[in-house]
Amino acid sequence: MQEFKPFKEGKVREVYDNGDSLIMVATDRISAFDNILKNKINEKGAILTQMSKFWFDFTKDIVPNHMISVDVNDMPEFFRNEKFDGNSMMCRKLEMLPIECIVRGYITGSGWASYVDNGTVCGIRLPEGLKESDKLPEPIYTPSTKAEIGLHDENISYEQSVEILKKAYPERGEEYAEKIKDFTIAIYKKCADYALTKGIIIADTKFEFGLDENGEIVIGDEMLTPDSSRFWPLEGYEAGKSQPSFDKQFVRDWLKANPDNDLLLPEDVVTRTVDKYKEAFFLLTGKKFN
């Protein structure tokens with residue numbers, strides 16, 4: 001049996017080279033505030049992989065995606081075991097673009113802090129009188145650079161994203177910048193509208209795009225998971241305050257309240273976090289996670 005070793009490891013994911021494809025494995029590691037925590041969140045990797053699959057299928061009419069299969073029986077023998085079952089995705093190889101595509105439909109987090117400070121979010125002027133967690137009149141696109149592990153991504157303007165892509169792709173950089181912006185907003189609108197009917201507000205999210213062998217844009221990475229998005233329950237939503245969420249909020253809140261945490265979470269925070277992930281999966285897909 002051929003042995004595989006990951007050639008790339010992110011905070012929570014490992015990527016394996018499978019010749020003409022890649023196999024992306026979402027581990028049960030969890031990160032917060034750019035640190036990997038010592039706990040594992042059991043089944044988290046599989047929940048995120050299956051959720052990405054759901055959204056890739058849901059949006060393939062808007063933009064092609066990199067997913068080939070999430071069935072380990074379609075993968076080399078090395079992956080056909082419990083460690084990889086459910087949390088692995090075989091994907092097309094792409095040349096990833098150096099931009100994180102962030103879209104915000106509601107004002108919260110760092111965007112809210114910036115708005116309070118000067119009325120803008122990532123340089124975009126917003127209407128006066130917005131409250132925390134308000135829905136924006138239209139979703140806004142606020143790209144950022146991609147930082148190496150341990151460094152922070154840097155917010156940039158759309159114009160800066162054009163310059164970065166023109167530098168990398170002189171012939172088509174401007175076209176790519178415009179397309180990924182349009183795709184980001186179109187995908188967000190379709191998915192956010194759907195999620196609302198299932199009782200979930202998608203406040204913001206990020207996407208990553210790459211180029212296929214013909215230089216055409218394909219969406220890759222993960223998609224609309226609680227790790228890459230802010231999901232809020234529609235029930236009880238009220239602008240003017242921060243909202244409870246389906247993501248790592250329990251983790252972030254506990255770490256903030258316990259600055260001497262040594263990156264180790266108590267068991268109840270771990271349990272509540274995985275329960276939230278499962279609840280989001282069930283609401284969005286209509287299926288219990290197993």
Side-chain angles (χ1 to χ4, degrees), residues 4-27 45 48-49 51-53 55-70 74-76 79 87-103 141-188 191 205-225 227-229:
F4 285 79
K5 283 202 164 55
F7 72 89
K8 189 177 171 199
E9 283 197 65
K11 292 190 195 85
V12 295
R13 274 178 305 172
E14 298 168 350
V15 187
Y16 296 79
D17 193 336
N18 186 38
D20 57 359
S21 64
L22 296 175
I23 294 171
M24 283 173 47
V25 178
T27 70
L48 299 193
T49 299
M51 204 179 276
S52 285
K53 177 193 185 302
W55 291 117
F56 282 139
D57 286 337
F58 188 71
T59 55
K60 61 187 179 204
D61 60 324
I62 297 176
V63 63
N65 61 66
H66 71 164
M67 179 176 68
I68 299 169
S69 176
V70 295
D74 295 334
M75 302 175 200
F79 295 95
N87 63 337
S88 303
M89 184 179 287
M90 187 156 71
C91 307
R92 296 160 65 183
K93 283 186 169 176
L94 302 176
E95 182 182 329
M96 298 308 287
L97 297 174
I99 302 288
E100 298 240 318
C101 298
I102 298 161
V103 55
Y141 176 66
T142 58
S144 77
T145 58
K146 282 186 193 175
E148 296 298 314
I149 286 186
L151 299 172
H152 288 281
D153 298 336
E154 187 188 332
N155 291 332
I156 54 174
S157 65
Y158 170 67
E159 291 70 27
Q160 284 171 301
S161 79
V162 172
E163 290 313 310
I164 289 168
L165 289 171
K166 271 166 70 174
K167 211 171 183 178
Y169 307 98
E171 304 287 308
R172 300 186 70 181
E174 195 160 354
E175 173 201 340
Y176 289 153
E178 191 176 336
K179 277 188 169 169
I180 61 176
K181 176 186 180 180
D182 291 348
F183 283 145
T184 294
I185 289 172
I187 294 168
Y188 173 77
C191 298
T205 191
K206 73 177 175 67
F207 303 124
E208 295 196 33
F209 295 90
L211 304 176
D212 66 11
E213 61 280 7
N214 302 315
E216 296 307 314
I217 290 172
V218 176
I219 191 166
D221 200 60
E222 65 183 318
M223 189 173 187
L224 286 162
T225 70
D227 267 21
S228 64
S229 321

Visitor: Would you mind writing out the side-chain donor-acceptor pairs for residues 178-187 within the sub-3.5 Å range, not counting sequence neighbours?
Guide:
{"unit_1": "Lys179", "atom_1": "NZ", "unit_2": "Glu175", "atom_2": "OE2", "d": "3.0"}
{"unit_1": "Thr184", "atom_1": "OG1", "unit_2": "Ile180", "atom_2": "O", "d": "2.6"}

Visitor: Atom SG in Cys191, atom CD1 in Ile62: separation rounded to 0.5 Å?
Guide: 6.5 Å
Visitor: Are Met24 and Glu222 packed together at the side-chain level, in the sense that at least one heavy-atom pair is separated by less than 4.5 angstrom?
Guide: no
Visitor: Please report the closest heavy-atom contact between Met75 and Ser88, naming both atoms and the distance.
Guide: CE-O, 3.6 Å
Visitor: Do any N or O atoms from the side chain of Asp212 and from the backbone of Asn214 form a donor-acceptor pair under 3.5 angstrom?
Guide: yes
Visitor: Tell me if a side-chain donor or acceptor on Ser69 pairs with a main-chain N or O of Met90 at a distance below 3.5 Å.
Guide: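 No; zero donor-acceptor contacts below 3.5 Å.
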Visitor: Just by distance, do the side chain of Lys93 and the backbone of His66 share a donor-acceptor pair under 3.5 Å?
Guide: no
Visitor: Do Phe207 and Tyr188 have their ring centres less than 6.0 Å from each other?
Guide: no
Visitor: Quick one: list whatever passes side-chain hydrogen bond (donor to acceptor under 3.5 Å, both in side chains) with Glu100, sequence neighbours left out.
Guide: none
Visitor: Decide yes or no on side-chain contact (heavy atoms from CB on, under 4.5 Å) for Val103 and Thr142, but give the supporting numbers first.
Guide: CA-CA 6 Å; Val103 55; Thr142 58; over 6 Å; no
Visitor: Looking only at non-hydrogen atoms, find the nearest pair between Glu14 and Pro6 and report the distance.
Guide: CB-CB, 4.0 Å
Visitor: Got a second to check how far Cys91's SG is from Asn18's CG, nearest 0.5 Å?
Guide: 10.5 Å
Visitor: Would you say Phe209 and Tyr176 make side-chain contact, with heavy atoms under 4.5 Å?
Guide: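 No, their side chains stay 4.5 Å or more apart.
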Visitor: Testing the basics here: between Asp221 and Phe56, what is the closest heavy-atom pair and its distance to 0.1 Å?
Guide: O-CZ, 3.5 Å
Visitor: Take Val218 and Val63, measure what side-chain contact (heavy atoms from CB on, under 4.5 Å) needs, and give me the verdict at the end.
Guide: CA-CA 6 Å; Val218 176; Val63 63; 5.9 Å; no
Visitor: List for me each residue that meets side-chain hydrogen bond (donor to acceptor under 3.5 Å, both in side chains) alongside Lys166, sequence neighbours excluded, and say none if there are none.
Guide: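 Once residues adjacent in sequence are excluded, Lys166 has no partner under the side-chain hydrogen bond (donor to acceptor under 3.5 Å, both in side chains) criterion.
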Visitor: Out of curiosity, Ile68 CD1 to Met89 CE, how far, rounded to the nearest 0.5 Å?
Guide: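 Output value for this atom pair is 10.5 Å.
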Visitor: Apply the test side-chain contact (heavy atoms from CB on, under 4.5 Å) to residues Thr59 and Met223: give CA-CA distance (whole Å), side-chain angles for both, the deciding distance (0.1 Å), then the verdict.
Guide: CA-CA 10 Å; Thr59 55; Met223 189 173 187; 3.2 Å; yes
Visitor: Measuring from Arg13:CZ to Asp227:CG, what's the distance to the nearest 0.5 Å?
Guide: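 Atom-to-atom, Arg13:CZ and Asp227:CG are 8.5 Å apart.
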Visitor: With heavy-atom distances below 4.5 Å as the criterion, would you say the side chains of Ser52 and Thr225 are in contact?
Guide: yes
Visitor: Is the closest side-chain heavy-atom distance between Lys53 and Asp57 below 4.5 Å?
Guide: yes
Visitor: Which distance, rounded to the nearest 0.5 Å, do you find between the OH of Tyr158 and the CD1 of Ile99?
Guide: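 With rounding to 0.5 Å, OH (Tyr158) is 10.5 Å from CD1 (Ile99).
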Visitor: With a 4.5 Å heavy-atom cut-off, do Ile164 and Ile156 have their side chains touching?
Guide: yes
Visitor: Taking the side chain as C-beta and beyond, is there a heavy-atom pair between Pro76 and Ile23 under 4.5 Å?
Guide: yes
Visitor: With no hydrogens and no angle check, is any side-chain donor or acceptor of Thr205 less than 3.5 Å from a backbone partner on Ser228?
Guide: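 Checking the backbone N and O of Ser228 against the side chain of Thr205, a donor-acceptor pair under 3.5 Å is found.
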Visitor: Kindly indicate, with the supporting measurements, whether the criterion side-chain contact (heavy atoms from CB on, under 4.5 Å) is fulfilled by Lys60 and Asn65.
Guide: CA-CA 7 Å; Lys60 61 187 179 204; Asn65 61 66; 4.0 Å; yes
Visitor: With rounding to the nearest 0.5 Å, note down the distance linking CD in Glu174 to CD in Glu163.
Guide: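 Here the rounded value is 8.0 Å.
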Visitor: Do Asn87 and Thr27 have side-chain heavy atoms sitting under 4.5 Å apart?
Guide: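 A side-chain contact is absent here, since even the closest heavy-atom pair is not under 4.5 Å.
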Visitor: State, yes or no, whether a side-chain contact exists between Ser144 and Lys206 at a heavy-atom distance under 4.5 Å.
Guide: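 Counting from C-beta outward, Ser144 and Lys206 never come under 4.5 Å.
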Visitor: Ignoring hydrogens, what is the shortest heavy-atom contact between Ala26 and Thr49? Give both atom names and the distance.
Guide: CB-OG1, 3.5 Å
